[in-house]
Student: 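Before we start, here is the structure in question, set down as structure tokens.
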Amino acid sequence: MVARRIDGKAAALAYRAEVAKQVATFTEKYGRAPGLDVVLVGEDPASMVYTRNKEKAAAKAGIRGELHRLPEDTSQRALLDYVSKLNANDEVDGILVQLPLPKHISADAVIDAIAPAKDVDGFHPMNTGLLSTGRPGLVPCTPRGCMHLIAQTETELTGAHAVVVGRSNIVGKPMAQLLLAEHATVTIAHSRTRDLAALCRTADVLVVAVGRAHMIGADHIKPGAVVIDVGINRTDAGKLVGDVDTIAASEHAGWITPVPGGVGPMTIACLLGNTVVAAENRLSS
């Protein structure tokens with residue numbers, strides 16, 4: 001068996017085309033485009049690339065995107081004040097503060113300061129609470145993107161066993177909630193789970209988000225399973241690889257996402273989708 005590749009780039013392009021149509025409808029209805037404002041503190045190289053990509057993607061979809069660059073030594077108070085101004089700006093529909101932040105700034109304090117209705121990352125406690133209780137809210141972009149990719153495989157999730165390796169607030173926990181909402185039976189595992197390989201081999205759907213290069217190998221994969229690799233790690237040689245050993249896992253999996261070109265493109269596409277949802281919710285209420 002050789003796993004079929006889940007093409008995240010193609011899925012993202014298709015979804016972004018849908019978003020662009022929604023943006024055009026919104027703009028005609030309200031006389032302005034949805035607005036996405038991204039805040040970058042400091043000059044972390046990876047964050048600079050991510051924020052530029054988000055700005056470009058927003059522009060291509062017709063969204064008014066603006067990148068606010070603040071110096072590395074910006075104080076927590078100053079950043080919170082900046083977020084407060086964006087909260088109060090009626091032209092701003094979505095706010096994203098790029099993580100990680102400099103060590104002297106509390107990410108939790110900043111996330112809590114973003115208006116829940118503009119929290120397009122879906123990290124605010126109000127949005128995570130809505131997700132956990134099955135009520136409508138803004139859903140974290142990466143898990144939402146993973147669900148789109150799983151849908152590409154036409155896998156029946158009702159009654160399926162899904163194993164999520166990783167327990168972060170950004171991916172692992174919301175991923176589990178989204179799978180539960182589709183009636184899967186969900187197990188959350190992590191790096192300290194006993195006999196992780198044996199547990200993973202019971203998964204019809206395996207989602208891995210731990211941030212350890214090639215942590216998951218062939219012995220973790222149930223034959224025919226759908227494998228979603230969220231990890232992005234850079235090797236000593238500078239190559240980008242996932243948390244899953246793709247070549248080895250492909251010998252057993254039915255479907256698998258590549259790294260790069262899998263989950264990443266869908267994350268940005270879902271950020272654009274969340275921006276339109278946030279804009280529509282704000283202006284229609």
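All values reported here derive from a predicted model rather than from experimental measurement. Hydrogens, waters and symmetry mates are skipped; everything else that's a heavy atom, side chains included, is used.
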Student: Closest heavy-atom contact between A61 and L272?
Tutor: CB-CD1, 4.1 Å
Student: Are D37 and V39 packed together at the side-chain level, in the sense that at least one heavy-atom pair is separated by less than 4.5 angstrom?
Tutor: no
Student: Applying side chain to side chain contact (heavy atoms under 4.5 Å, CB included), can you list everything that pairs with H148, at least two apart in sequence or on another chain?
Tutor: Y15, R144, M266, C270
Student: Tell me which donor-acceptor pairs under 3.5 Å the side chains of residues 159-166 have, and how far apart each pair is, sequence neighbours excluded?
Tutor:
| from | atom 1 | to | atom 2 | distance (Å) |
| --- | --- | --- | --- | --- |
| H161 | ND1 | T202 | O | 3.1 |
| H161 | ND1 | T202 | OG1 | 3.1 |
| H161 | NE2 | T187 | OG1 | 2.9 |

Student: Compute whether any side-chain donor of one residue and acceptor of the other, for H214 and D243, lie under 3.5 angstrom apart.
Tutor: no
Student: Are more than 12 heavy atoms, taken from residues, nucleotides or ligands other than I247, located less than 6.0 Å from that residue's CD1 atom?
Tutor: no
Student: Determine, stepwise, if the pair V23 / V276 fulfils side-chain contact (heavy atoms from CB on, under 4.5 Å).
Tutor: CA-CA 7 Å; V23 170; V276 178; 3.6 Å; yes
Student: Quick check: do V263 and T142 have side-chain heavy atoms less than 4.5 Å from each other?
Tutor: yes
Student: Could you give the distance from CG (L96) to OG1 (T275), rounded to the nearest 0.5 Å?
Tutor: 8.5 Å
Student: To check you understand the geometry: which heavy-atom pair defines the closest contact between I256 and A3, and what is its length?
Tutor: CG2-CB, 3.9 Å
Student: Tell me the closest heavy-atom pair linking D90 and R32, and the distance in Å.
Tutor: O-NH2, 3.3 Å
Student: For residues 102-114, which side-chain donor-acceptor pairs fall under 3.5 Å, sequence neighbours excluded?
Tutor:
| from | atom 1 | to | atom 2 | distance (Å) |
| --- | --- | --- | --- | --- |
| H104 | NE2 | T74 | O | 2.7 |
| S106 | OG | D108 | N | 3.4 |
| S106 | OG | A109 | N | 3.1 |

Student: If every non-hydrogen atom of V120 is compared with every non-hydrogen atom of N274, which pair is closest and at what distance?
Tutor: O-ND2, 2.9 Å
Student: For atom OH of Y82, decide whether the heavy atoms of other residues, nucleotides or ligands shown that lie under 6.0 angstrom number more than 12.
Tutor: yes
Student: Minimum heavy-atom separation for P140 to I170, with atom names?
Tutor: CB-O, 3.7 Å
Student: Got H252 and K222 here, is their nearest side-chain heavy-atom distance under 4.5 Å?
Tutor: no
Student: Heavy atoms only: give me the nearest A88-K118 pair and the separation to one decimal.
Tutor: N-NZ, 4.4 Å
Student: Does a salt bridge link R64 with E66, judged by any charged N lying under 4.0 Å from a carboxylate O?
Tutor: yes
